[in-house]
Amino acid sequence: MRHRLLAAVAAAAIPAAVAASQAPGGQEPVTVLHAGAVLASPGEPPLGPQTIVVRGDRIEALHPGFRPATEFGPDTRKVDLSRAFLLPGLIDLHVHLAIDANADAATSHSPERLALSAAGYAARLLHAGVTTVRDVGDNSGVTLALRDAFARNVLPGPRVFAAGRVVSRSGGHGARRPRQNEVPYAPAACDGPESCRRAVRENVEQGVDWIKLTVSGSGRESGGRADAAPIMFEDEVAAASAAASQAQRPVAAHAYSPAAIRLALASGARTIEHGTYFDDETAALFRRTGAFLVPTAYVAHFVRTRLDFFAGGTDGRDAEDLRAWSDAAAQTPGRAWRAGIRLALGTDGGPSFPTDATAREVGHYVEAGVPASEAIRAATANGAEALGLGDVLGRVSPGYLADLIAVERSPIERPEALREVVFVMKDGIIRTSCGPDARGCAPRGDDEAPGRE
Ligand SMILES: [Zn+2]
């Protein structure tokens with residue numbers, strides 16, 4: 001049931017991308033990739049050398065070995081990745097394209113300036129091999145415009161699924177008054193069931209793909225502690241979730257403590273964001289509901305490097321407390337893996353983050369004890385499944401959308417190989433190529449899509 005509802009959401013998002021890949025005259029361009037190794041089905045062993053046929057925006061076929069491009073039509077282009085390792089494009093399920101922690105006040109308060117900053121960041125993400133993102137909250141709605149611009153190829157960027165404004169209670173996470181120089185939050189206020197329904201419906205009216213709910217406080221605040229009660233009432237979470245379900249939008253719930261995770265999962269959340277302090281009982285609830293955990297280990301490592309910046313404030317945690325959270329959050333992917341929780345992957349990244357954060361997140365999973373093949377699966381096939389798109393995204397398989405990346409070494413043997421992506425195709429269009437037949441390691445496309453920066 002859930003899957004069918006998500007498929008309806010997906011159907012609305014995909015046609016623009018399909019239309020964008022049509023060549024003038026209606027003929028679909030054919031590209032043949034010779035890949036040295038292919039991670040066709042993440043979680044399973046990679047295949048040896050393959051010829052991958054891409055027609056329009058879809059993968060048409062995989063053939064073992066290298067077959068000449070001319071076999072597939074006179075105008076077929078060949079891309080030589082015969083010494084590279086090919087895998088599905090990375091899927092980052094937790095970004096904030098338009099929340100820039102380093103922005104000056106003029107930018108933070110200007111949707112126009114934020115949109116430009118976010119567009120630049122998104123283009124860099126695509127160049128780094130992130131072909132799909134889920135944006136879990138902005139303050140301005142600019143991510144919805146970016147999503148549509150990327151889908152229509154107006155600008156280069158990943159496929160975006162956007163939650164629009166965070167649905168949060170007054171004074172809760174994402175809703176307290178900002179400190180000086182802090183990015184201001186403008187959530188959709190959810191205080192009591194009626195207003196929670198309204199907040200969700202207003203988001204839906206704006207065209208969001210997901211609903212983001214903050215069921216616990218921020219990891220930086222006391223409401224994000226392991227023993228903290230949820231910051232929203234049960235009837236508020238239930239009302240917001242019911243309004244989301246009515247509109248066929250899945251819910252991503254920000255939750256740290258077991259009590260908050262329990263409430264979110266009991267209300268039908270599809271993904272739990274952060275989830276640092278899940279316990280045995282909530283792990284069982286994850287397994288029963290099939291919900292995915294997005295542990296955001298990168299941001300925990302990042303906060304650790306700036307404890308003084310993030311500590312304190314009216315409801316903040318001191319540096320030592322934050323360090324303990326960071327340690328716990330860094331271990332969460334491994335704990336979740338051992339507990340049998342389905343893992344997806346997200347960074348909590350924004351324009352202030354390095355663009356290889358998604359690749360580094362894979363490395364953090366491995367450091368925490370997740371097998372590399374499963375960490376990559378979290379960043380590809382599982383991400384697609386969490387989005388309800390497991391049958392069109394996240395694998396290299398006939399009928400799937402041609403979102404493909406290549407690296408020089410096997411990331412199963414060396415996860416850090418993902419930090420240097422040499423080839424990016426999204427929707428069947430080459431976005432970046434550093435391969436032997438490319439002109440340097442630069443963004444490019446069939447139609448010379450606009451460059452970045
Ligand atoms: Zn976040």
Side-chain angles (χ1 to χ4, degrees), residues 91-103 108 114 117-118 121-122 125 130 132-143 158 160-169 172-176 178 182-188 190 203 208-221 223-224 231-232 250-257 260-261 264 269-277 292-304 306 309-310 322 325-326 329-330 332-333 343-354 357-358 360-361 364 383 386-387:
I91 299 175
D92 192 320
L93 284 192
H94 195 125
V95 299
H96 300 279
L97 295 175
I99 296 182
D100 184 349
N102 290 345
S108 291
L114 278 175
S117 150
Y121 170 57
L125 279 181
V130 181
T132 297
V133 300
R134 184 184 60 173
D135 187 283
V136 282
D138 68 13
N139 298 311
S140 48
V142 303
T143 49
V160 176
F161 295 89
R165 286 173 192 267
V166 173
V167 176
S168 188
R169 53 159 260 198
H173 171 56
R176 66 199 163 77
E182 196 176 35
V183 181
Y185 288 106
C190 166
N203 258 333
V208 302
D209 307 296
W210 278 73
I211 296 297
K212 168 79 175 296
L213 279 186
T214 54
V215 184
S216 81
S218 157
R220 292 153 47 187
E221 297 165 357
I231 63 164
M232 293 170 72
V251 170
H254 164 115
Y256 281 94
S257 66
I261 295 169
R270 183 65 176 157
T271 65
I272 297 293
E273 309 304 303
H274 319 301
T276 307
Y277 304 114
F292 287 85
L293 176 64
V294 183
T296 64
Y298 182 86
V299 76
H301 285 266
F302 177 73
V303 166
R304 197 189 177 90
R306 302 179 73 185
F309 178 83
F310 288 113
L322 269 190
W325 163 70
S326 167
T332 303
L343 280 169
L345 183 143
T347 51
D348 220 349
S352 64
F353 273 46
T358 311
R360 292 193 205 201
E361 180 81 16
H364 289 322
L387 289 167

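Residues take their numbers from the sequence shown, with the count starting at 1. Order of appearance sets the numbers: ligands from 1, and atoms from 1 within every ligand.
Centred on the Zn ion (ligand 1), the angle running from His94 (NE2) to His96 (NE2) is recorded as 110°, rounding to 10°.
Residues Asp138 and His96 bring no donor and acceptor atom of their side chains to less than 3.5 Å of each other.
For the side chain to side chain contact (heavy atoms under 4.5 Å, CB included) with Trp210, the lone residue among Asn203, Leu387, Leu93 that qualifies is Leu387. Exactly one of His254, Arg134, Glu273 qualifies for a side chain to side chain donor-acceptor pair (under 3.5 Å) with His94. That residue is Glu273.
Among the atoms of Glu273, no N, O or S atom is found under 2.8 Å from the Zn ion (ligand 1).
Of all N, O or S atoms in Asp348, the one lying closest to the Zn ion (ligand 1) is OD1.
Between atom CD1 of residue Ile211 and atom CZ of residue Arg270 there is a gap of 16.0 Å, rounded to the nearest 0.5 Å.
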